[in-house]
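Reading through the structure tokens given below for one structure.
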There are 2 protein chains.
Amino acid sequence: MLGGIEAGGTKFVCAVGSGPGDLRAEVRFETTGPQETINRAIEFFKEQARGTTLDAVGIAAFGPLDPDPRSETFGFITSTPKQGWQNTDFAGVVQNALRVPVGFDTDVNGAALGEWRWGAAQGLENFIYLTIGTGIGGGGLINGELMHGLVHPEMGHIRIPHDREADPYAGLCPYHGDCLEGMASGPAIAGRWQEAAENLEPDHPAWQLQAHYLALALMNMTLTLSPQRIVLGGGVMRQRQLFPLIRKRMLELLNGYVQAPALLDNVDRFIVPPALGDQAGVLGALALAERALHAK
Amino acid sequence: MLGGIEAGGTKFVCAVGSGPGDLRAEVRFETTGPQETINRAIEFFKEQARGTTLDAVGIAAFGPLDPDPRSETFGFITSTPKQGWQNTDFAGVVQNALRVPVGFDTDVNGAALGEWRWGAAQGLENFIYLTIGTGIGGGGLINGELMHGLVHPEMGHIRIPHDREADPYAGLCPYHGDCLEGMASGPAIAGRWQEAAENLEPDHPAWQLQAHYLALALMNMTLTLSPQRIVLGGGVMRQRQLFPLIRKRMLELLNGYVQAPALLDNVDRFIVPPALGDQAGVLGALALAERALHAK
């Protein structure tokens with residue numbers, strides 16, 4: 001039996017099971033201080049493990065965090081703005097309490113791994129998972145391994161062209177103003193149009209502009225990483241009318257430059273929604289647990 | 001003994017040896033039709049192999065090309081604009097003639113692997129090599145493997161912000177106008193300032209603008225891939241005054257967002273020139289040969 005923790009900045013979801021058809025128990029609680037919150041997760045797994053065996057735990061967490069198993073601070077939440085959680089050992093505490101392998105990665109790498117294991121990216125060695133919601137974050141697999149490196153990707157903050165005559169909105173990123181997140185996150189849409197994104201009609205001009213910005217970002221990521229697929233999740237992407245607009249705009253912007261049939265002739269399968277739905281977060285954590293188990 | 005082919009669009013360089021201190025013979029000739037050019041390379045290796053053993057050959061080639069060993073067209077130059085070379089089997093012809101393992105990748109992935117083996121990126125599992133010259137191209141290692149995916153990276157064509165009031169130059173990319181290559185390649189510098197880049201004084205305002213565009217690109221690549229280092233090569237980067245300007249501008253643009261000491265406190269070691277100099281191309285090809293040998 002595997003355990004998964006979807007560790008969000010506002011709530012934790014913990015579950016045990018082996019995959020989408022087998023989620024045996026789940027608990028949700030508010031994210032308070034690190035000691036209290038992590039202990040509630042540990043207690044849940046201890047209860048669930050009675051009479052059976054817990055084989056591994058996966059943690060898909062808010063960040064920034066340290067996902068490098070060779071690092072001294074592996075398993076830590078690092079420089080997060082979330083109060084009380086800076087430089088918190090998370091995976092180590094769980095591992096010491098439960099004595100099982102612990103997988104630890106960003107929420108978006110967790111979601112990516114879940115889609116790879118059971119969802120929209122099965123069998124792919126190179127793909128990107130981008131979530132567009134309150135913020136914008138990215139992860140995925142490259143050469144069959146989760147995207148890490150110096151730290152982990154922060155794709156939401158890339159810079160894209162911004163025509164201030166066509167769109168005078170200045171962007172809301174406190175670090176960069178009009179970076180991708182500053183221009184195309186849910187709060188940015190609301191700020192620009194003075195209306196919550198979910199209240200804008202499907203034919204509102206907001207969506208054409210949103211598709212343009214996301215297509216610019218996807219073009220950059222495609223040229224930089226050469227993924228086999230891009231999965232777009234998060235609250236903003238529940239606006240399904242965005243998918244055809246983004247696909248069309250990205251092909252226009254690439255202008256025939258990347259000569260790959262998988263992209264030019266099958267863009268409907270190149271830019272896709274996630275398949276795991278509301279359970280994506282906790283299933284991603286389970287997939288991290290499974291990977292940690294097999295890495296041992 | 002290893003063989004390397006630096007297969008450029010205008011000239012081929014072939015060499016045998018084992019590395020920078022041991023390049024035993026080298027030949028250069030013009031790139032004409034594929035059959036004639038590839039045969040000249042094969043003949044060179046056959047001559048060099050007399051009385052010794054050729055263990056593997058590496059080819060670092062112009063593209064686009066197919067670097068995926070599992071593909072039916074592995075080893076082909078694919079949709080290149082270079083006349084006569086479209087859909088040309090290159091690695092297969094060399095392999096059939098010489099009966100040794102053949103490594104095959106883009107010129108820039110070759111150069112990256114050379115820097116990883118003997119140069120400025122030794123020991124790193126995640127880094128980018130970007131070449132800025134007549135065009136702009138990128139490659140590197142991610143999770144210890146050369147960057148592939150759907151095809152291979154085409155980082156030169158990412159889109160970056162362009163303030164047309166500050167810089168009215170429209171860009172020269174035939175596909176995208178003011179993409180990175182359209183704005184910051186050698187010909188773009190010459191087009192904007194009506195003077196060849198190498199004739200512009202080190203304190204000419206061209207270099208501040210160039211550093212700004214390259215810093216935007218490096219910021220995007222850093223946020224997308226989280227590399228441990230970025231190596232900047234190519235003719236334009238012989239202007240060494242660019243390095244401190246790019247480093248300073250990139251830190252300004254990131255504005256403290258990526259909290260990694262390797263970047264914030266050691267940017268001099270994060271953005272670096274290549275170490276292999278004029279032999280980088282053919283040494284990259286040798287490194288591809290070595291990797292092909294060990295993959296068998």
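Every chain is numbered from 1 and lettered A, B, ... according to where its sequence line falls, protein lines coming before strand lines.
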**Message:** Looking only at heavy atoms and a cut-off of under 4.5 Å, which of I142(B), T222(B), L216(B) has the most pairs with chain A?
**Reply:**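 Of the candidates given, the most pairs with chain A belong to I142(B).
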
**Message:** Shorter than 4.5 Å, heavy atoms on both sides: which option in P161(B), S226(B), G144(B), P174(B) has the most such pairs with chain A?
**Reply:**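 Going by pairs under 4.5 Å, I would pick S226(B).
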
**Message:** Counting heavy-atom pairs under 4.5 Å with chain B, which one of M221(A), H162(A), H148(A) comes out on top?
**Reply:**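 Among M221(A), H162(A), H148(A), the one with the most close pairs to chain B is H148(A).
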
**Message:** If we define contacts as heavy-atom pairs under 4.5 Å, which of R164(A), M147(A), R229(A), M155(A) has the most with chain B?
**Reply:**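 Maximum pair count with chain B is reached by M155(A).
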
[atom1] of [X] to [atom2] of [Y]: how many Å apart, nearest 0.5 Å?
X	Y	atom1	atom2	value
R159(A)	L254(B)	CZ	CG	10.0 Å
E154(B)	L225(A)	CD	CG	13.0 Å
C179(A)	M219(B)	SG	CE	6.5 Å

[X] [atom1]: over 12 foreign heavy atoms closer than 6.0 Å:
X	atom1	answer
Q208(A)	CD	no
Q122(B)	CD	yes
K82(A)	NZ	yes

**Request:** Search all heavy atoms of H176(B) against all heavy atoms of L253(A) and return the closest pair with its distance.
**Result:**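 Looking at all heavy atoms of both residues, the closest pair is CD2-O, 3.2 Å.
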
**Asked** Do you know which two heavy atoms are closest between P153(B) and T224(A), and how far apart they sit?
**Response**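 Heavy-atom minimum between the residues: CB-O, 3.5 Å.
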
Heavy-atom contact with chain B under 4.5 Å, split by part of [X]:
X	value
N220(A)	both
P227(A)	backbone
E125(A)	side chain

Side chain, backbone, both or neither: which part of [X] has a heavy atom under 4.5 Å from chain A?
X	value
F127(B)	neither
I160(B)	backbone
S79(B)	side chain

**Item:** Donor-acceptor contact present, side-chain N143(A) to main-chain N143(B), <3.5 Å
**Value:**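 Such a contact is absent between N143(A) side chain and N143(B) backbone.
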
**Prompt:** Should H157(A) and L223(B) count as side-chain neighbours, where that means a heavy-atom distance under 4.5 Å?
**Reply:**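 Counting from C-beta outward, H157(A) and L223(B) do come under 4.5 Å.
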
